[in-house]
Amino acid sequence: MKKIEAIIKPFKLEEVKEGLAGLGISGMTVSEVKGFGRQKGHSEIYRGAEYTVDFVPKIKVEIVVEGSMVDKVIGVILAQAKTGQIGDGKVFVRPIENAYRIRTGEEGRKAI
Amino acid sequence: MKKIEAIIKPFKLEEVKEGLAGLGISGMTVSEVKGFGRQKGHSEIYRGAEYTVDFVPKIKVEIVVEGSMVDKVIGVILAQAKTGQIGDGKVFVRPIENAYRIRTGEEGRKAI
Amino acid sequence: MKKIEAIIKPFKLEEVKEGLAGLGISGMTVSEVKGFGRQKGHSEIYRGAEYTVDFVPKIKVEIVVEGSMVDKVIGVILAQAKTGQIGDGKVFVRPIENAYRIRTGEEGRKAI
Amino acid sequence: MKKILRKIPLLAVILLLFPLLAWGADETASIAGNAEAIKAVQSNADYVWTLVAAALVFFMQAGFAMVETGFTRAKNAVNILMKNLMDFAMGSIFYWAIGFGLMFGVTTTGWFGTSGFFLSDFSPGGDPWVLAFWMFQAVFAATAATIVSGAMAERTKFISYLIYSAVVSSLIYPIFGGWAWGGLFHGGGWLEKLGFIDFAGSTVVHSVGGWVALAGAIVLGPRIGKYTKDGKVRAIPGHNLPLAALGVFILWLGWFGFNPGSTTAANKDIAMIFVNTNLAAAAGCILAMVTSWLRFKKFDVGMSLNGALAGLVAITSPCASVTPLSSVIIGAIAGVIVVFAVLFFDMIKIDDPVGAISVHGVCGAWGTLSAGIFNIGGTSVKIIGVQLLGIGTAFAWAFTTAFVMFKLI
Amino acid sequence: MKKILRKIPLLAVILLLFPLLAWGADETASIAGNAEAIKAVQSNADYVWTLVAAALVFFMQAGFAMVETGFTRAKNAVNILMKNLMDFAMGSIFYWAIGFGLMFGVTTTGWFGTSGFFLSDFSPGGDPWVLAFWMFQAVFAATAATIVSGAMAERTKFISYLIYSAVVSSLIYPIFGGWAWGGLFHGGGWLEKLGFIDFAGSTVVHSVGGWVALAGAIVLGPRIGKYTKDGKVRAIPGHNLPLAALGVFILWLGWFGFNPGSTTAANKDIAMIFVNTNLAAAAGCILAMVTSWLRFKKFDVGMSLNGALAGLVAITSPCASVTPLSSVIIGAIAGVIVVFAVLFFDMIKIDDPVGAISVHGVCGAWGTLSAGIFNIGGTSVKIIGVQLLGIGTAFAWAFTTAFVMFKLI
Amino acid sequence: MKKILRKIPLLAVILLLFPLLAWGADETASIAGNAEAIKAVQSNADYVWTLVAAALVFFMQAGFAMVETGFTRAKNAVNILMKNLMDFAMGSIFYWAIGFGLMFGVTTTGWFGTSGFFLSDFSPGGDPWVLAFWMFQAVFAATAATIVSGAMAERTKFISYLIYSAVVSSLIYPIFGGWAWGGLFHGGGWLEKLGFIDFAGSTVVHSVGGWVALAGAIVLGPRIGKYTKDGKVRAIPGHNLPLAALGVFILWLGWFGFNPGSTTAANKDIAMIFVNTNLAAAAGCILAMVTSWLRFKKFDVGMSLNGALAGLVAITSPCASVTPLSSVIIGAIAGVIVVFAVLFFDMIKIDDPVGAISVHGVCGAWGTLSAGIFNIGGTSVKIIGVQLLGIGTAFAWAFTTAFVMFKLI
Ligand SMILES: Nc1ncnc2c1ncn2[C@@H]1O[C@H](COP(=O)(O)OP(=O)(O)O)[C@@H](O)[C@H]1O
Ligand SMILES: Nc1ncnc2c1ncn2[C@@H]1O[C@H](COP(=O)(O)OP(=O)(O)O)[C@@H](O)[C@H]1O
Ligand SMILES: Nc1ncnc2c1ncn2[C@@H]1O[C@H](COP(=O)(O)OP(=O)(O)O)[C@@H](O)[C@H]1O
């Protein structure tokens with residue numbers, strides 16, 4: 001089982017979601033994060049003083065799937081989240097040893 | 001060392017926390033996430049137009065523990081966070097290679 | 001490739017960021033979390049009733065780097081985020097199997 | 001149309017001054033004509049003042065809405081606002097249809113009026129005073145109604161709240177109001193006949209509202225999570241103190257209409273009422289801050305805000321009949337009372353998210369009593385007695401009827 | 001300075017009463033002197049009332065700002081506030097420089113005035129009534145201008161908005177205003193000569209603002225994401241309903257200056273206007289709530305708030321010439337209309353984030369019509385006809401000119 | 001009680017008109033009686049206007065609270081609100097106990113008054129004018145006090161702030177106030193005797209407040225993180241501009257009480273004061289926007305809001321003695337000044353989170369000077385000289401005393 005973690009641009013979430021639904025992905029967890037990378041933040045004026053917001057708002061999407069699905073999922077994300085602009089984000093893949101569904105206690109692949 | 005990551009219903013946090021304290025778990029990190037899964041969001045009316053909030057607010061709890069504790073911790077979470085309703089959430093287990101305590105620089109098990 | 005995850009005190013973020021920039025770290029992802037550990041929260045009075053805020057606001061910094069960089073990065077974080085006070089936070093290291101840059105589809109080390 | 005209207009006052013004056021204008025031509029202005037004109041001008045001023053005051057009192061609705069929103073949780077903000085909005089809307093309509101008639105209509109018994117429903121006392125072309133007076137009374141009724149929403153916040157079904165506010169503004173408030181104030185118009189209540197002093201309504205408006213709130217809070221029970229299994233009080237902090245503070249400033253402003261406006265006449269009395277109102281509020285605010293600081297070793301904004309309101313509620317009854325110095329004392333005492341009242345109701349597990357019962361119920365009672373004690377014209381056992389009678393009656397009437405009502409809906 | 005000023009009124013009175021004072025010494029007060037003094041006092045009262053009302057109407061700017069901020073997305077809050085602030089600032093200056101002269105200046109044609117620019121009608125020492133009158137009219141002009149910002153929210157360039165608000169307050173609003181109200185001062189419009197009834201401006205202020213908003217919304221097109229590819233309406237919920245509710249309360253308060261203040265005289269007429277204004281708002285609020293409930297099986301705060309405003313807009317025109325009962329009916333109907341109007345404009349894909357077109361445009365038209373229908377003095381085909389003519393003219397003028405303007409900038 | 005009170009005005013009128021009423025019967029109304037009655041009605045109107053204006057000025061407290069909360073960080077919101085609330089409460093009590101007497105009490109020296117503490121000039125039954133006058137002056141004192149909280153925001157200990165506000169409202173403000181305005185009541189200051197023009201207090205209220213704020217900001221030093229080690233200015237953006245904007249609208253509204261109310265009489269002078277106040281604010285707002293745009297190539301809401309306040313502060317002194325056109329110029333210049341003043345204080349590392357020093361201190365000085373320059377009655381070296389003397393004295397007095405005070409606490 002793998003966990004796929006994608007850092008994407010906020011307004012791309014809808015498309016990624018729909019793309020994954022297309023693969024029959026039943027669930028995911030999303031959170032708001034601040035990104036720091038090649039894409040630089042913008043500068044603002046506040047009562048005469050300039051200041052730069054160097055973090056860019058991003059969305060982190062976490063999806064746990066069976067090994068077999070990993071490539072499909074990554075493919076979809078790379079396709080859907082892409083604008084071709086700097087700041088599109090990253091996808092990270094990492095191992096998961098086990099998963100449980102709290103409601104039923106089911107374990108492993110049945111849990112996701 | 002393992003990291004246990006649980007996605008639970010917000011109002012269950014207190015109970016989970018108390019349960020873990022019972023095991024002598026000294027620490028955890030919590031964050032607000034939005035969940036997408038079997039449990040569907042609800043629909044709202046805003047000035048005549050209907051719209052659906054398809055993400056459900058959830059709480060993510062991250063706990064790093066020694067291998068020996070893993071099962072106990074999972075047991076507690078499965079017990080405490082359960083309502084039997086759809087949307088109870090998931091527990092994921094994953095490996096951690098090392099941990100450090102910033103204050104002291106202590107490494108490994110001593111750090112947690 | 002490894003992912004380094006640090007839980008630090010919010011006002012230390014600037015220093016950690018600058019430290020990492022010093023190492024030429026091109027990117028990181030930051031999120032607001034609530035910490036629970038040795039450092040206890042404080043108690044407040046609200047219209048006569050006392051209540052304790054037992055979660056302490058923390059910042060989680062996630063950095064994905066090549067194996068070779070890991071120790072340097074950890075060193076910087078331990079140095080920069082340290083106040084010597086309880087609550088300084090933790091650093092966790094975990095394996096990452098692969099990384100992709102959405103913009104280009106580049107894979108592996110080139111992606112980060 | 002506007003044009004014509006615009007002219008009317010002129011016309012009025014012209015008619016009144018007719019002799020003069022004529023005189024402009026041939027020296028025949030009359031003393032009597034002038035005297036009439038003078039009365040007309042004064043009465044215009046009375047209208048303006050009464051209605052401006054009514055507008056300020058109306059604005060208190062916004063104050064209550066902000067205080068209640070600020071003192072409760074974000075998730076309930078919309079719900080509370082909706083209630084504050086609707087209780088004013090419902091209140092206006094029901095007080096127009098029923099309440100005003102019961103409160104100020106002609107009465108033989110002294111228990112309730114039986115005329116003037118749907119503003120039937122007004123006929124186009126007739127004396128419009130009833131309209132100005134109704135407007136001022138209507139915003140008072142709505143105030144009594146809206147007080148309750150605070151104590152019942154975060155756990156009332158919306159529909160039941162609608163029913164409730166209709167009942168309060170058409171029955172519970174007007175009937176008691178008639179006992180104390182009916183004589184201001186066509187009515188004549190038994191309580192005022194005994195010489196009950198409640199100038200602007202510490203009891204009639206605030207206590208009544210507060211005791212209804214008490215009944216509501218009891219019937220509804222506390223919010224989930226307010227008290228732990230082992231019976232400890234768990235604070236549920238408000239989510240937006242800036243809004244709450246804004247609300248208190250708005251209420252304070254509104255009180256400058258509430259108290260001085262109760263003269264319903266433009267005269268010099270309003271000066272002392274303004275000063276007393278302001279000093280009592282300031283003293284209440286300071287003492288509540290000090291008390292909470294002595295008690296908790298922390299400065300408690302919530303309490304200080306409640307303290308200002310406590311002072312305002314307390315001075316509402318005596319504002320026209322005590323000296324500024326007495327007002328400071330009355331307000332200060334209210335500021336102390338409110339802190340302990342809040343703690344008391346928490347202790348006996350009556351959950352009042354914004355402290356409405358303590359502020360309006362308890363301090364309203366204190367204010368009414370103080371009107372007897374500090375009366376500029378001197379006090380007496382009889383005066384005090386009547387005040388206590390009024391306070392007691394208000395509690396008995398408002399709490400009982402409201403309790404029954406909440407049980408039913 | 002202050003000291004001296006403070007004395008002026010005294011001086012005035014002294015002069016006026018000179019005979020009396022003298023008489024204090026040797027019995028020579030004159031009837032004529034008294035008559036003059038009486039007129040002077042009444043006129044002082046007129047000034048006070050007119051200007052207090054103007055202050056209340058000014059405060060509506062805050063109300064609009066809060067409503068629009070609350071009903072839109074957080075990211076646009078600052079932008080919207082900036083617009084609400086600047087349109088009042090620009091409006092004041094341009095209405096002073098140009099608008100007032102076009103609206104109330106001397107006119108031969110009845111189409112627009114040609115004097116009184118830059119308040120040239122006032123000369124130090126001269127009669128200051130023009131200043132009081134200008135102040136009251138200026139806040140009206142600014143209201144018409146600010147209505148538009150709501151419908152154009154979240155997608156207007158700031159510069160173009162500045163230009164737009166200058167044009168509205170110096171041309172579009174004043175010229176139409178002159179047709180209906182010019183005669184209140186030096187002007188004299190063709191519409192008022194026909195007997196068009198629009199006491200406080202359902203058409204002159206609100207419809208005009210609303211139709212300009214309509215033109216703006218059409219030219220700008222909907223916000224991105226408001227309508228899905230497959231043409232479904234996607235709600236873009238407001239981010240801060242507490243602010244929006246506060247805004248509505250502030251507007252409601254402001255209307256107590258807007259309608260009764262339109263007498264620009266301190267007289268008894270204001271009582272009925274107050275009552276009508278309040279009852280219509282309450283009825284509109286309740287009916288909008290009920291309608292949206294019947295329609296969506298949910299209570300919709302946004303709609304209820306719009307309903308209150310709908311009632312206020314509708315009663316603006318008839319407030320001085322219908323009975324309280326009629327006001328309830330007029331408001332109630334407005335409450336129903338506004339719900340369907342909002343749905344209608346959404347359906348035809350005209351994106352109006354705050355519902356300004358439905359509230360001000362549509363309900364303004366309804367209110368103007370109702371002034372004819374429910375007229376206290378009885379109605380007639382002719383009256384209704386003139387009302388309809390006025391409504392139509394307002395639409396034709398405001399929509400066309402605005403459409404052209406938005407195309408150009 | 002209310003009933004009786006309600007009657008009093010009637011009684012009054014009846015007594016005054018007694019002859020007439022009698023005459024109603026047997027023709028004996030007297031000219032003298034009428035004259036008296038007229039004076040009584042005018043004076044009632046004066047009371048109403050003065051107190052309504054006082055209520056508006058009171059509301060400015062809410063405006064300051066919102067502006068300061070909005071312009072600072074969320075974490076300090078509660079702290080700032082608490083201060084705004086308490087400085088008004090403390091101010092009211094201390095100005096009642098001490099300040100008013102020092103400012104308006106009988107004085108032999110012209111330096112400070114020595115009578116009228118605790119409102120001792122008022123005795124039940126006596127002339128209540130002192131109460132109306134006190135109420136109006138008290139809200140002015142509180143304004144001066146609250147100005148300071150802005151500049152000291154986010155880094156003042158609460159206790160010291162309490163002490164500070166007591167000192168300002170009982171000593172620093174009243175003593176200077178007495179020099180310029182004492183003659184409005186029992187006092188008589190040396191400055192007004194020289195013919196110093198400060199109608200509503202650009203210097204007396206705003207500059208004094210601003211210079212105290214300057215002293216405070218210097219003594220406290222900047223907020224942590226405001227200036228980087230390498231001495232660059234780091235912006236600390238406000239967290240809630242909607243609240244700040246609401247605050248500015250509320251302040252603007254309050255100024256319609258602040259300036260015209262300073263006539264403390266219901267007369268025609270208020271018309272020009274209203275217009276001037278509004279035009280100056282609008283011009284200040286626009287010019288500040290333009291200036292900041294030219295300077296930063298961005299529209300800066302914060303600056304535009306400050307610009308409106310700058311215009312209002314500037315026109316406070318000349319509002320009764322300049323033409324509307326001059327007001328536009330005065331406001332516009334203030335709008336430019338404020339932008340550069342803010343930059344200047346940032347440059348010299350005086351950290352003023354809300355710009356209070358620039359708005360109130362600097363523009364207050366400019367306004368006072370402009371009152372001399374644009375004086376409707378013509379200007380002269382002497383007039384300008386006296387104005388400069390006043391401005392200088394205000395700075396010397398307020399800054400020095402405040403500096404000492406802040407060092408001590
Ligand atoms: N080494 C990294 N570790 C964790 N997150 C990263 C890393 N590098 C980039 N990110 C995340 O990816 C986002 C996009 O990266 P960025 O360099 O801005 O553009 P691009 O994705 O086109 O390379 C950043 O905002 C950050 O959230
Ligand atoms: N594949 C997944 N990857 C990551 N998070 C998931 C996944 N599936 C579900 N979740 C999280 O678990 C929560 C609960 O899952 P859901 O399917 O709604 O109910 P249940 O837990 O009863 O199966 C979701 O809201 C989501 O946050
Ligand atoms: N076992 C754990 N798993 C995950 N996060 C932890 C764990 N223990 C501590 N933390 C995080 O580290 C933060 C600091 O830990 P704490 O025990 O308070 O102080 P210290 O870092 O000095 O030991 C906590 O607030 C929490 O966010």
Side-chain angles (χ1 to χ4, degrees), chain D residues 1-3 5-6 8-10 12-13 17 19-20 23 27 29-31 33-34 37-38 40-41 43-45 47-48 51-52 54-55 58-59 61-62 65-66 69 77-78 81-82 84-86 88-93 96 118-119 122 124 127-129 131-132 134-135 138 158 240 243 246, chain E residues 31-32 34-35 38-39 41-42 45-46 48-49 52 56 181 183-184 192 195-200 241-242 245-246 248-250 252-253 256-257 260 262-272 274-275 278-279 281-283 285-286 289 299 301 304-305 308 320-321 323-325 328 371 376:
Chain D
M1 184 59 196
K2 194 175 177 195
K3 187 170 177 184
L5 254 279
R6 172 76 184 79
I8 287 194
L10 285 184
V13 177
L17 306 184
L20 301 171
W23 152 87
E27 309 283 334
S30 87
I31 294 177
N34 283 351
I38 294 165
V41 176
S43 125
N44 287 346
Y47 275 71
V48 169
L51 290 164
V52 167
F58 161 78
F59 199 38
Q61 294 288 327
M66 293 302 109
T69 313
V78 170
L81 289 166
M82 188 74 178
N84 277 280
L85 182 73
M86 294 318 303
F88 184 76
M90 301 284 287
S92 299
I93 297 296
W96 164 68
F118 295 94
L119 274 173
F122 170 72
D127 175 4
W129 175 251
L131 297 175
W134 178 86
M135 189 70 228
F158 183 63
N240 194 337
L243 275 193
L246 173 61
Chain E
I31 294 177
N34 282 352
I38 293 165
K39 269 192 282 183
V41 177
Q42 172 66 47
D46 294 343
V48 169
W49 168 239
V52 168
L56 288 175
W181 288 350
L184 294 174
E192 61 191 323
F196 179 57
I197 308 175
D198 190 8
F199 182 64
L241 282 173
L246 174 61
V248 169
F249 279 119
I250 291 176
W252 196 321
L253 171 69
F256 287 136
S262 292
T263 57
T264 60
N267 61 44
K268 298 183 174 185
D269 302 323
I270 63 178
M272 188 174 82
F274 256 89
V275 173
N278 192 60
L279 286 176
C285 183
I286 294 174
M289 175 193 73
F299 289 104
V301 193
S304 313
L305 293 170
S321 55
T323 63
L325 178 57
V328 173
I376 237 171

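Quick note on labels: first sequence line is chain A, next is B, and so on, each numbered from 1.
Partners of Phe158(D) according to the side-chain contact (heavy atoms from CB on, under 4.5 Å) rule, which considers only residues two or more places apart in sequence or in another chain, are Met82(D), Lys83(D), Met86(D), Leu162(D), Met289(E), Phe299(E). For Phe122(D), there are no ring pair (Phe, Tyr, Trp, His ring centres under 6.0 Å) partners at least two apart in sequence or on another chain.
Counting heavy-atom pairs closer than 4.5 Å to chain D, the top-ranked of the candidates Trp252(E), Phe256(E), Trp49(E) is Trp252(E). For chain D, the option among Val275(E), Ile376(E), Ile250(E), Leu241(E) with the highest count of heavy-atom pairs below 4.5 Å is Val275(E). With chain D as the partner, the residue from Ala281(E), Ser304(E), Ala45(E) showing the most heavy-atom pairs under 4.5 Å is Ser304(E). Of the listed residues (Thr323(E), Val248(E), Leu325(E)), the greatest number of heavy-atom pairs within a distance under 4.5 Å of chain D belongs to Leu325(E).
The parts of Ala55(D) that come within reach of chain E are both its backbone and its side chain, each placing non-hydrogen atoms under 4.5 angstrom from that chain. For Leu119(D), the part sitting under 4.5 Å from any heavy atom of chain E is the side chain, from C-beta outward, and nothing else. If you measure heavy-atom distances from Phe58(D) to chain E, the contacts under 4.5 Å come from the side chain alone. Interface remark: Ser92(D) contributes backbone and side-chain atoms alike to the contact with chain E (heavy atom separation under 4.5 Å).
Atom-to-atom distance recorded for Asn278(E):CG and Leu131(D):CG is 12.0 Å, nearest 0.5 angstrom. Going from atom CG of Leu279(E) over to atom CD1 of Ile93(D) covers 5.5 Å, rounded to the nearest 0.5 Å. We find the CG-OG1 distance between Leu246(E) and Thr69(D) to be 9.0 Å, quoted to the nearest 0.5 Å.
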Would Val48(D) and Val48(E) count as a side-chain contact (heavy atoms from CB on, under 4.5 Å) here? Give the steps. CA-CA 9 Å; Val48(D) 169; Val48(E) 169; 5.6 Å; no

Would Val52(D) and Phe274(E) satisfy side-chain contact (heavy atoms from CB on, under 4.5 Å), going step by step from the backbone distance to the final call? CA-CA 10 Å; Val52(D) 167; Phe274(E) 256 89; 5.8 Å; no

Step by step, work out the side-chain contact (heavy atoms from CB on, under 4.5 Å) result for Val328(E) and Phe118(D). CA-CA 11 Å; Val328(E) 173; Phe118(D) 295 94; over 6 Å; no

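The shortest side-chain heavy-atom distance between Met272(E) and Pro128(D) does not fall under the 4.5 Å cut-off. Side chains of Cys285(E) and Leu85(D) form a contact here, defined as non-hydrogen atoms less than 4.5 Å apart.
Closest heavy-atom contact between Asn34(D) and Ile38(E): O-CD1, 3.6 Å. What you find for Pro242(E) and Leu81(D) is that their closest heavy atoms are CA-CD1, 3.1 Å. Smallest separation of non-hydrogen atoms from Ser30(D) and Ile31(E): N-CG2, 4.0 Å.
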